Amino acid sequence: MDLLQRIAKELEEGRAPAVAELTAEAIALEMTADDILQNGLIAGMNVVGEKFRTHQIFLPHVLLAARAMHAGMDLLKPLLIRDAVPTLGKAVLGTVRGDQHDIGKNLVGIMLEGVGFEVIDLGTDVAPEAFLAAVREHGAKVVGMSALLTTTMPVMGEVVALLEEEGLGGEVRTVVGGAPVTKDFAREIGADAYAFDGVSAVDRIRALFAGEPGLQEES
Ligand code: B1M
């Protein structure tokens, strides 16, 4: 089993210290952060998700795997944001109300920081009013929302609607993502962009700031 497969396996087993140790080893061997993330940590988490879905494992096991994922991500973070350039502006980020999943949201935050955004991370279970308050407090130009549950996806629409109601619609651009979220859903709720992962979130936000049309302006 190669090193990345071992990272995936230890993550599957929820062993945070082993994941941290092997991730450090992979970094020392100069494997790229993206390789370690995609083929080690995320590969392991995908297996966890599938086993959970098919009732081969249960919630406490998933929680341990999530802790192990964070242990690896903490070590990768400095590498992913190493080349950060001066700030491009402020982005408010959060997982929407009712949803506790934060691993994907954290990755998106790391990617945004990596290209020079200042990220105001509101954490998980964030109410629409809290997104609005943070935008006002920090003068943010981007709101990034994550949802991993089909039941919490509609909250994204509430946030978009609230920003619109408060007259911030054109000024603050909204980006949504998370496993169950689709481009069609994003368009339907009035968001400016849908992103599949952290890299595409950065691409979409950059494109919006470069004046490219958002989902609502696309024909
Ligand atoms: Co939960 N969970 N979970 N869980 N969990 C899922 C999401 C689920 C698909 C598992 C399954 O059934 N196979 C399922 C949802 C089903 C559905 O709604 N369709 C589910 C469920 C049901 C639940 C509970 C309801 C279980 C229960 O209590 N009975 C419960 C809900 C709690 C709550 O939120 N209120 C629950 C709890 C948990 C834990 C707390 C144990 C833990 C989360 C720990 C944490 O995040 N700190 C957990 C985990 C770990 C998962 C799985 C296994 C893994 C999620 C993950 O971190 N993936 C997940 C199964 C799965 O997704 N395969 C599952 C790795 C991460 C890198 O990917 O988050 O998709 P992801 O993020 C990606 C993209 O989606 C995207 O970029 C990221 C990087 O590539 N992205 C964005 C995400 N946000 C974005 C924002 C953007 C752009 C892109 O722009 C702003």
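Worth saying up front: this structure is predicted, and the values here are computed from it rather than measured. Here, residue 1 is the first one in the sequence, and each next residue gets the next number. Just follow the structure's listing: the first ligand is 1, and inside any ligand the first atom is 1.
- Residue contacts with ligand 1: Ile42 is placed with no nitrogen or oxygen under 3.5 Å of a nitrogen or oxygen of the ligand (distance criterion only).
- For the pair Phe196 and ligand 1, a heavy-atom separation below 4.0 Å is found.
- Val19 and Leu29 fall within a single hydrophobic cluster, where Ile, Leu, Val, Met, Phe, Trp and Tyr side chains are chained together by heavy-atom contacts under 4.5 Å.
- The protein does not reach atom 59 (C) of ligand 1 closely, with no heavy atom under 4.0 angstrom from it.
- Counting non-hydrogen atoms of other residues, nucleotides and ligands closer than 6.0 Å to CZ of Phe196 gives a total of 12 or fewer.
- Only the side chain of His70 comes within 4.0 Å of ligand 1, judged by heavy-atom distances.
- Residue contacts with ligand 1: Gly49 is placed with a nitrogen or oxygen under 3.5 Å of a nitrogen or oxygen of the ligand (distance criterion only).
- Of the N or O atoms in Asn46, none lie within a sub-3.5 Å distance of an N or O in ligand 1.
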For this session: Determine, step by step, whether Glu171 and Leu168 satisfy the side-chain contact (heavy atoms from CB on, under 4.5 Å) criterion, reporting the C-alpha distance in whole Å, the side-chain angles of both residues, the deciding distance to 0.1 Å, and the verdict.
Result: CA-CA 5 Å; Glu171 194 184 321; Leu168 292 163; 4.0 Å; yes
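- When non-hydrogen atoms are compared, ligand 1 lies under 4.0 Å from the side chain of Val108 (C-beta onward) but not from its backbone.
- Within the 4.0 Å heavy-atom criterion, the part of Met45 lying near ligand 1 is the side chain and not the backbone.
- With Asp192 contributing its side chain and Gly214 its backbone, the two residues share no donor-acceptor pair below 3.5 Å.
- At a 4.0 Å heavy-atom cut-off, ligand 1 touches Ile103 through backbone and side chain alike.
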Problem set entry | side chain to side chain donor-acceptor pair (under 3.5 Å) evaluation trace for Asp197 with Ser200 | CA-CA 5 Å; Asp197 61 10; Ser200 69; 3.2 Å; yes
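- Counting protein heavy atoms under 4.0 angstrom from atom 52 (C) of ligand 1 gives zero.
- At least one protein heavy atom sits closer than 4.0 Å to atom 38 (C) of ligand 1.
- Of the protein's non-hydrogen atoms, Gly104 CA, 4.0 Å is the one closest to atom 71 (P) of ligand 1.
- Protein heavy atoms are absent from the space less than 4.0 angstrom from atom 24 (C) of ligand 1.
- The nearest heavy-atom contact from the protein to atom 14 (C) of ligand 1 is Leu149 CD2, 4.4 Å.
- Where the criterion is an N or O separation shorter than 3.5 Å, residue side chain and backbone included, Ala195 fails it with respect to ligand 1.
- At least one donor-acceptor pair closer than 3.5 Å links the side chain of Gln5 to the backbone N or O of Asp2.
- Between the side chain of Asp99 and the main chain of Thr95, no donor-acceptor pair closer than 3.5 Å is present.
- No more than 12 heavy-atom neighbours from other residues, nucleotides or ligands sit within 6.0 angstrom of CD on Glu21.
- Shown here, atom 8 (C) of ligand 1 is out of close reach of the protein: none of its heavy atoms lies under 4.0 Å off.
- Between Thr151 and ligand 1, no N or O atom pair is found at a separation short of 3.5 Å.
- Counting heavy atoms under 4.0 Å from ligand 1, residue Ala66 touches it through the side chain alone.
- The shortest N or O to N or O distance between Asp197 and ligand 1 is not under 3.5 Å.
- Atom 43 (C) of ligand 1 has as its closest protein heavy atom His101 CD2, 3.6 Å.
- Looking only at protein heavy atoms, the nearest one to atom 34 (O) of ligand 1 is Gln100 N, 2.6 Å.
- Between Gly178 and ligand 1 there is a heavy-atom distance shorter than 4.0 Å.
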